[in-house]
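Since the structure comes first, as structure tokens, the remarks are kept for the end.
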Amino acid sequence: MGTRVVLTFNSCGNCPSCVAGAPAYCVRSTTLNMRGGGDALSHPGGVIIGDFFGQSSFSTYALAHQRNTIPVGDGIDAAYAAPLGCSVQTGVGGVLNALAPAPGQALVVFGAGAVGLSAVMGARIAGCGVIVAVDPKAERRSLAADLGATHVLDPVGANVVAELVEITGGGADHALDTTALPSVLTDALAALRPRGQLAIVGLGAPTADLPVGLIMGRGLRVRGVVEGDSVPHRFIPELIGYHTRGELPLEKLVTTYDFDDFGTAWDAARDGSAIKPVLTMPA
Ligand SMILES: NC(=O)c1ccc[n+]([C@@H]2O[C@H](COP(=O)([O-])OP(=O)(O)OC[C@H]3O[C@@H](n4cnc5c(N)ncnc54)[C@H](O)[C@@H]3O)[C@@H](O)[C@H]2O)c1
């Protein structure tokens, strides 16, 4: 009782992915996180859909599972802990766990929202020598620079590939896409140096035409990344450590709203004026 926690994605714990320490790729992930409708909640009037992302937590009390309930201790503000369970672990983990750049390498992040800006912070933690954030929104580019991007680029009207090749001195070692835009995926691949790798993180891209000859000829690697390859009971405490040491200034991403202002928070998320809106429940 009284333990402070954050909730994150659920996983079964028994499938080959979970046993191999890759719960983000749990074979039951879709059922456990996206379908809802678990039998934890019931009402005489009919079915209650719940358990989205293993929790459905827009409420004063939430039913969750041991595997997706992570103790966070007393050292972090609840509003800053909240996004650790999804966008922050996705961005930071996409860099530290999935791409794992060596110190000094060049990394480009496409899209400077909550996930992309977390990736920028991850790249800084990893000691990347060149960190480029690409985003059409000036205020997001400015925040990216504040969080550790060595260069920022407005893609509108720019020759993105040429500029990135120039900035990185011949192509990036790593790229991480959060936009899910096919044209951006193509640019991201073209901006990699031979043997570079692209992490696809953005959701919702339709099928994209991939430059197969380029991927083959340059020995590029393309991989999807879910939730930053996180093992939440290990990685979320690691993220809190970075925050405590000032390396993950979550306060620069988060805007809080009273729960009653749900509509305002939603609008701010949709129009991009808030990077990471967090709802606070009544005391
Ligand atoms: N793979 C996962 O496990 C996982 C987890 C969480 C979120 N996501 C997904 O990651 C994506 C990013 O999430 P977010 O919260 O940061 O979203 P967001 O909308 O805040 O950020 C996307 C950014 O892309 C920018 N953008 C638009 N067009 C661009 C272009 N042509 N070039 C470069 N940037 C461009 C936008 O201005 C915006 O800042 C979403 O698709 C989300 O669903 C994936």
Side-chain angles (χ1 to χ4, degrees), residues 7-11 17 22-26 29-30 32-34 52-54 68 82-95 97-99 108-122 132-145 147 149 151-161 163-164 172 175-191 198-206 208 222-232 235 250 252-255 265-278:
L7 303 181
T8 186
F9 67 92
N10 198 13
S11 55
S17 295
Y25 308 97
C26 172
S29 182
T30 306
L32 295 176
N33 293 294
M34 299 299 166
F52 180 79
F53 216 52
N68 70 330
L84 295 177
C86 189
S87 47
V88 174
Q89 73 179 353
T90 296
V92 181
V95 173
N97 300 329
L99 292 171
V108 182
V109 177
F110 292 87
V115 175
L117 291 169
S118 297
V120 166
M121 292 189 279
V132 193
V134 184
D135 198 293
K137 292 187 173 145
E139 63 281 9
R140 293 192 170 199
R141 294 196 302 274
S142 166
L143 184 52
L147 293 171
H151 301 74
V152 294
L153 182 59
D154 179 359
V156 178
N159 184 334
V160 172
V161 175
E163 297 224 22
L164 290 174
L176 184 141
D177 176 70
T178 73
T179 71
L181 296 171
S183 63
V184 173
L185 292 170
T186 307
D187 281 354
L189 285 164
L198 166 66
I200 297 178
V201 172
L203 287 177
V222 183
R223 61 156 298 190
V225 183
V226 175
E227 295 294 328
D229 280 5
S230 174
V231 178
F235 193 52
L250 299 164
K252 295 188 178 178
L253 300 190
V254 168
T255 307
W266 177 252
D267 290 343
R270 291 195 69 164
D271 69 21
S273 56
I275 303 283
K276 178 47 67 180
V278 171

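All values derive from a computational prediction rather than experimental measurement. Indexing begins at 1, ligand by ligand and atom by atom, following the structure's order. We count residues from 1, following the sequence as given.
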- Message: I need the contact residues for ligand 1: any residue with a non-hydrogen atom closer than 4.0 Å to the ligand, ordered by chain then number.
- Response: Cys86, Thr90, Gly111, Ala112, Gly113, Ala114, Val115, Val134, Asp135, Pro136, Lys137, Arg140, Pro155, Thr178, Thr179, Leu181, Val184, Val201, Gly202, Leu203, Val225, Val226, Glu227
If we ignore hydrogens and angles and just use 3.5 Å, is the side chain of [X] paired with the main-chain N or O of [Y] as donor and acceptor?
X	Y	value
Asn97	Gly228	yes
Asn68	Gly54	yes
Thr178	Phe110	yes
Arg141	Leu153	no

- Heavy-atom pair with the smallest gap, counting every atom of Pro277 and Ala269: CG-CB, 3.7 Å
- Query: Any luck finding a side-chain donor-acceptor pair between Gln89 and Thr8 under 3.5 Å?
  - Reply: yes
